[in-house]
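What follows is a set of notes on a single structure, which appears directly below.
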Amino acid sequence: MIFKRQEGFRFKFEEPVQMTFAIYENGKVNHAQTAMADLLDISPRGLKMFTEVDLGFHPAPLDLRFVLDTREIRVYGEVIWSRPFANGKQYGVYFNNQGAIEDLIVDELKLRRKKETAEAKQKKINS
């Protein structure tokens, strides 16, 4: 397992974001095998997720879907590491140079963070 993080940032979620994933089989997404996972943190080039699904020793590429703010993001990812955690596993997934997706992730994270900051200010004012 290689842990080389060369991104400028990783965004950790206070509450995990629900996401779905499906496995590529023979070059096609097997939608019949769609499963749920928790998105724990993300960067423009990858993410860390938790699932109770065991993807095996050399997992096939994944079709990942999640919403960070308002738009659904669908991305192709390759599992680069895994480790047991609680009653499942955590997986590190790399997106492999998908420029448009990288930009969309950054834009959605900016919008999400702006809303979170505004909500925190409003709570502070109301207390």
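No hydrogens, no waters, no symmetry mates; every other heavy atom, side chains included, goes into these values.
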Checklist line | Considering all heavy atoms, the nearest V53-A35 contact | finding: CG2-CB, 3.8 Å

Check: Measuring from I105:CD1 to R71:CZ, what's the distance to the nearest 0.5 Å?
Finding: 11.5 Å

Checklist line | Heavy-atom check, side chain of L39 versus side chain of L68, under 4.5 Å | finding: yes

Notebook entry, point to check: What's the spacing between K115 NZ and E119 CD if we round to 0.5 Å?
Noted result: 8.5 Å

Check: Does any non-hydrogen side-chain atom of V93 lie less than 4.5 Å from one of F21?
Finding: no

Checklist line | Aromatic plane relationship, Y24 with Y76 - under 30° parallel, 30 to 60° tilted, over 60° perpendicular | finding: perpendicular

Notebook entry, point to check: Quick one: does V79's side chain get under 4.5 Å of K89's, heavy atoms only?
Noted result: no

Item checked: Minimal non-hydrogen separation, E102 against P44, with atom names -> CG-O, 3.0 Å

Next item on the list: Compare every heavy atom of T34 with every heavy atom of A22, then report the nearest pair and how far apart it is.
Entry: CB-OG1, 3.9 Å

Check: So, the side chain of Q33 versus the backbone of N30: is there a donor-acceptor pair under 3.5 Å, distance only?
Finding: no

Check: Are V67 and V106 linked, directly or through other ILVMFWY residues, by side chains that come within less than 4.5 angstrom of each other?
Finding: no

Margin query: Are L62 and Y91 packed together at the side-chain level, in the sense that at least one heavy-atom pair is separated by less than 4.5 angstrom?
Written below: no

Could you list the donor-acceptor pairs under 3.5 angstrom formed by side chains in residues 12-19, with sequence neighbours left out?
residue	atom	partner	partner atom	Å
Q18	NE2	D38	OD1	2.6

Check: Looking at side-chain heavy atoms only, is the closest gap between V29 and R74 below 4.5 Å?
Finding: yes

Check: Any donor-acceptor pair under 3.5 Å linking the side chain of E108 with the backbone of D69?
Finding: yes

Checklist line | salt_bridge(D63, R65) N-O dist < 4.0 Å | finding: yes

Item checked: T20 OG1 to E72 CD distance, which is reported to the nearest 0.5 Å -> 7.0 Å

Next item on the list: Return the minimal non-hydrogen interatomic distance between W81 and K48, and the atom names on each side.
Entry: CH2-CD, 3.6 Å

Checklist line | Any residue meeting side chain to side chain contact (heavy atoms under 4.5 Å, CB included) with R113, in chain and number order, not counting sequence neighbours | finding: F11, E116, T117

Check: What about L109 and L64, same hydrophobic cluster or not, with Ile/Leu/Val/Met/Phe/Trp/Tyr joined at side-chain heavy-atom distances under 4.5 Å?
Finding: yes

Check: Does the side chain of M36 reach to within under 4.5 Å of the side chain of T51, using non-hydrogen atoms?
Finding: no

Note to self: Would you say that more than 12 heavy atoms from the other residues, nucleotides or ligands in this model lie under 6.0 Å from the CG of N26, or not?
What the structure shows: no

Notebook entry, point to check: How is the hydrophobic cluster of F85 composed, in terms of its other members, when Ile, Leu, Val, Met, Phe, Trp and Tyr link through side-chain heavy atoms under 4.5 Å apart, directly or indirectly?
Noted result: L40, F50

Note to self: According to a hydrophobic-cluster definition based on side-chain heavy atoms being under 4.5 Å apart (Ile, Leu, Val, Met, Phe, Trp, Tyr only), do F66 and F9 belong together?
What the structure shows: yes

